[in-house]
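To start, the structure itself, in structure tokens.
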Amino acid sequence: MSASHRSRRPPSDIDDFDDEEFMDSGSSRQAGQEKMKQLAMDLLGRWHWIALGLVLGVLGGAYYLSKAPKIYRAQASLLIKQQTSSVMARDQVDDMDMRSIEALNTVAERITRPEMLQNVAKRPDVRGLPGLVPRETIWLPDWSLPWFGISKEKSEARQPAPPPESLAGMIANWTQISVRRGTRLLDVAISHPSPEAAKTIADAICIEYQNELKGSRKGGRDSSLEILVESSESARKQLQTAQTALASYQRALATLKDLETRETAVIELKRRYLPKHPKMMAAMAELAAFQQKFLSEFDAARNSSADREYWDSHAGDWKEAGDDLNAQLLTARRLLLARGNVLESEIASQSSVFNSILTRMQESDINGQSDDSEMEINSAAQLPGLPVSPAPTKVMGMATFGGLAFGVLLALLFSRLDNKIHTVAQVERETGLPTLAAISQIQLKPASRKAKADAEPVSEARKNWHPMLLFREETSTTTYAEMFRVLRASVSLLGDEKKRKITLFSSALPGEGKTLVSGNFALAAAQQGKRVLLIDLDLRKPAVHKVFGFKRDSHPHGVTEVLAGQVTFDEGLLKDSGDEHLHLMLSGKPAPNPGELLSASGLEKFLETATELYDLVVLDSAPLLPVPDTRIVASLVDNFCLVVRGDFVSKGAVRRVISLLDHDQNLPSGIVFNGFSEKRRLIGQNYSYGNYQTNRYGRAYRYGYGAYGSDED
């Protein structure tokens with residue numbers, strides 16, 4: 001027997017390997033578009049997280065606006081002038097070229113110096129401002145303040161003005177200096193929760209800087225004047241000393257002049273008279289008298305205290321002359337003339353310096369009277385009317401965008417963390433196999449008393465059926481039963497029914513509802529009048545007997561005994577299933593070695609016998625991942641249906657099962673997507689299998705599928 005469902009077709013999205021080397025650029029582009037489309041569908045399916053993020057963003061923005069302090073902005077402006085040369089000075093140069101942006105920025109930095117702001121912080125009009133120190137913002141809700149030991153009065157209390165040093169640092173944080181483009185205007189802006197404080201501080205900064213400039217210029221002029229006064233006094237003293245010294249030499253110099261006149265006269269007489277001539281002798285006597293007079297005047301000048309330092313330094317020259325009259329006259333003449341010339345030159349020089357200093361002092365006085373300030377207050381600050389922060393439109397816009405982004409991130413995160421399969425589209429994408437039928441979560445309502453009274457009597461065997469076996473009088477017309485008719489039709493379309501008699505149902509993990517699916521499928525086929533045999537091949541944890549209301553030992557023989565050769569095939573059948581066209585073969589007694597019992601040779605003969613006796617053979621096999629039994633059976637069946645339970649099995653488990661079956665070249669014929677929940681946010685992902693509602697039989701209740709081997713599987 002060969003399995004007609006065998007294939008080796010790798011599913012498209014089983015693993016994350018890259019097929020680009022086998023695909024052309026068009027295929028790669030199409031795959032990328034499909035991934036983006038799927039990502040968009042995943043995000044759309046999780047729209048509630050995006051909506052939650054959006055709502056949280058809006059609420060957060062509104063809460064921020066309710067708690068954030070309102071900030072007011074007051075602005076004053078300063079006009080910075082070009083510093084010009086003084087009125088009288090000819091050689092003074094500018095300190096800075098105020099036409100450059102660097103100079104204006106320098107002025108802006110100087111305004112925010114700590115020393116300058118401390119002067120502002122010391123002003124009484126600033127320190128006396130109400131609400132000068134902003135209250136600390138408490139972001140907790142008002143109703144939660146008592147939990148944290150915060151009283152409302154304490155949170156609203158005003159703080160006193162801090163020391164000037166601390167207040168200066170706070171003012172620096174409130175202050176922003178900017179240069180108005182294309183002008184020499186500096187805007188001094190203060191941002192503060194109190195509009196009065198913002199206006200007062202802005203004006204105070206301008207006033208203090210103006211006062212600082214005036215004080216600096218006045219101090220500079222005073223300093224220059226002091227230097228000029230000191231220099232003039234020094235020049236005056238030096239001039240006076242030189243004039244006093246020269247005055248002490250006036251008589252000696254006058255006598256020296258007369259002496260030179262007498263000497264000239266004697267020289268002229270010598271040319272005409274002999275030494276013994278009376279005129280000659282009278283002239284010589286007069287010359288000698290003037291020489292003595294000159295020496296006497298010279299001694300008086302030399303010994304005067306007016307120029308003592310000079311004569312002490314030349315005492316040696318006078319001693320060298322000794323008692324020689326001519327030597328004395330020559331030395332006295334030389335020293336007196338030399339000193340006189342020096343004093344006259346010094347007097348002329350000091351007189352020039354003194355006169356120059358007097359001129360500079362007069363200029364400084366004139367400049368002080370005519371000098372203009374380097375800046376002036378262009379406009380005072382106005383009391384702000386509306387706050388500049390927070391801006392409701394901007395805050396709400398950012399909050400909305402941030403909330404939307406947060407919601408999208410949440411949706412992406414949960415999409416990444418979501419490891420379950422929820423829709424038909426997902427199961428087909430994960431397996432690469434078609435979906436034969438989608439069975440939603442079944443919710444039935446108990447029949448009313450009238451319906452029970454009108455119902456036809458049923459056999460005792462059917463009364464014990466599990467409520468989820470739908471093909472009985474009260475549930476055969478529900479949409480849930482119709483789902484299994486769709487499954488019956490899908491399986492029949494897989495090929496010629498006469499050649500494809502064996503249909504196997506299995507799942508990746510226990511608890512996915514494979515037993516109930518196989519039971520309902522068998523009943524749906526029996527409804528067509530076909531002879532159907534449902535075999536429980538899950539020899540480890542059988543459940544077919546529970547679904548049809550039997551105990552495991554209610555029938556003495558089953559699959560275990562037939563495969564072991566202990567009984568015949570017919571002896572292992574349970575024909576009273578509750579439906580005349582459906583026979584059962586239970587698992588039988590627990591087998592010590594189920595894997596060995598399901599050998600290929602014995603099982604093949606077993607299935608050939610079943611196909612000879614029945615039109616359709618349905619196998620309920622063990623889950624694929626826990627045990628290898630089904631992989632042995634799968635190679636012998638015609639239709640292999642993999643049951644995948646929605647919102648239950650992980651994607652990794654399904655991928656692993658498909659990978660194992662692909663390796664065995666026994667891929668399933670299709671998927672039975674079982675127990676899915678149709679949600680509005682996922683509509684379109686189940687390809688219109690529908691949102692099946694409850695039926696007409698009253699209140700709904702839900703049946704779980706249970707774990708492997710439980711009563712519900």
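Throughout, residue positions are numbered sequentially from 1 according to the sequence presented.
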Any Leu337 side-chain heavy atom under 4.5 Å of Leu256 side chain: yes
Straight-line distance of Ile205 CD1 to Thr175 OG1, nearest 0.5 Å: 3.5 Å
Heavy-atom check, side chain of Met398 versus side chain of Phe401, under 4.5 Å: no
Exam field: side chain Ser352 to backbone Ala348, donor-acceptor pair closer than 3.5 Å: no
Leu335 vs Tyr310, side-chain contact (heavy atoms from CB on, under 4.5 Å): CA-CA, chis, key distance, verdict: CA-CA 10 Å; Leu335 293 176; Tyr310 174 77; 4.3 Å; yes
Residue pair Glu165 / Gln118, side-chain heavy-atom distance below 4.5 Å: yes
Distance (rounded to the nearest 0.5 Å) between Trp174 CH2 and Ile201 CD1: 5.0 Å
Any Thr200 side-chain heavy atom under 4.5 Å of Ile190 side chain: no
Considering all heavy atoms, the nearest Ile377-Gln210 contact: CD1-OE1, 3.9 Å
Parallel, tilted or perpendicular: ring planes of Phe414 versus Trp49, cut at 30 and 60 degrees: parallel
Interatomic distance, Arg333 atom CZ to Glu260 atom CD [nearest 0.5 angstrom]: 5.0 Å
Heavy-atom closest contact (Glu208 atom, Asn119 atom, distance): OE1-CB, 3.6 Å
Parallel, tilted or perpendicular: ring planes of Trp139 versus Tyr64, cut at 30 and 60 degrees: parallel
Side-chain heavy-atom pair Glu109, Asn105 within 4.5 angstrom cut-off: no
Closest heavy-atom pair and its distance - Ala301, Trp311: O-NE1, 3.9 Å
Gap between atom OG of Ser351 and atom CD of Gln238 - 0.5 Å precision: 11.5 Å
side-chain contact (heavy atoms from CB on, under 4.5 Å) between Leu186 and Val179, intermediate numbers included: CA-CA 5 Å; Leu186 288 183; Val179 180; 3.4 Å; yes
Side chain Arg127, main chain Lys122, donor-acceptor under 3.5 Å: no
Salt-bridge contact Lys420-Asp647 (side-chain N to carboxylate O under 4.0 Å): no
Derivation of the side-chain contact (heavy atoms from CB on, under 4.5 Å) call for Glu346 and Thr241: CA-CA 10 Å; Glu346 186 174 351; Thr241 301; over 6 Å; no
Where Asp203 and Ala76 come nearest, the two heavy atoms and their spacing: OD1-CB, 4.0 Å
Any donor-acceptor pair under 3.5 Å from Thr255 side chain to Arg251 backbone: yes
Over 12 foreign heavy atoms within 6.0 Å of CD, Gln250: yes
Heavy atoms of other groups near Lys67 NZ, more than 12 under 6.0 Å: yes
Non-neighbouring partners of Tyr63 that pass ring pair (Phe, Tyr, Trp, His ring centres under 6.0 Å), sequence neighbours left out: none
Atom of Phe406, atom of Gly53 and distance for their closest heavy-atom approach: CD2-CA, 4.2 Å
Thr331 backbone acceptor or donor facing Arg334 side chain under 3.5 Å: no
Point-to-point distance, once rounded to the nearest 0.5 Å, from CD1 of Ile50 to CG of Leu44: 7.5 Å
Separation between CG of Asp418 and OG of Ser650, rounded to the nearest 0.5 Å: 11.0 Å
Those residues that, when tested against Asn303, pass side-chain contact (heavy atoms from CB on, under 4.5 Å) (two or more places apart): Asp299, Arg308
Which residues share a side-chain contact (heavy atoms from CB on, under 4.5 Å) with Asn378, sequence neighbours left out: Ser77, Leu79, Leu185
Atom CG of Leu417 with >12 non-hydrogen neighbours under 6.0 angstrom: yes
Ile111 vs Leu78, side-chain contact (heavy atoms from CB on, under 4.5 Å): CA-CA, chis, key distance, verdict: CA-CA 11 Å; Ile111 292 176; Leu78 298 174; 3.7 Å; yes
Shortest non-hydrogen contact from Gly385 toward Tyr72: O-CE2, 3.8 Å
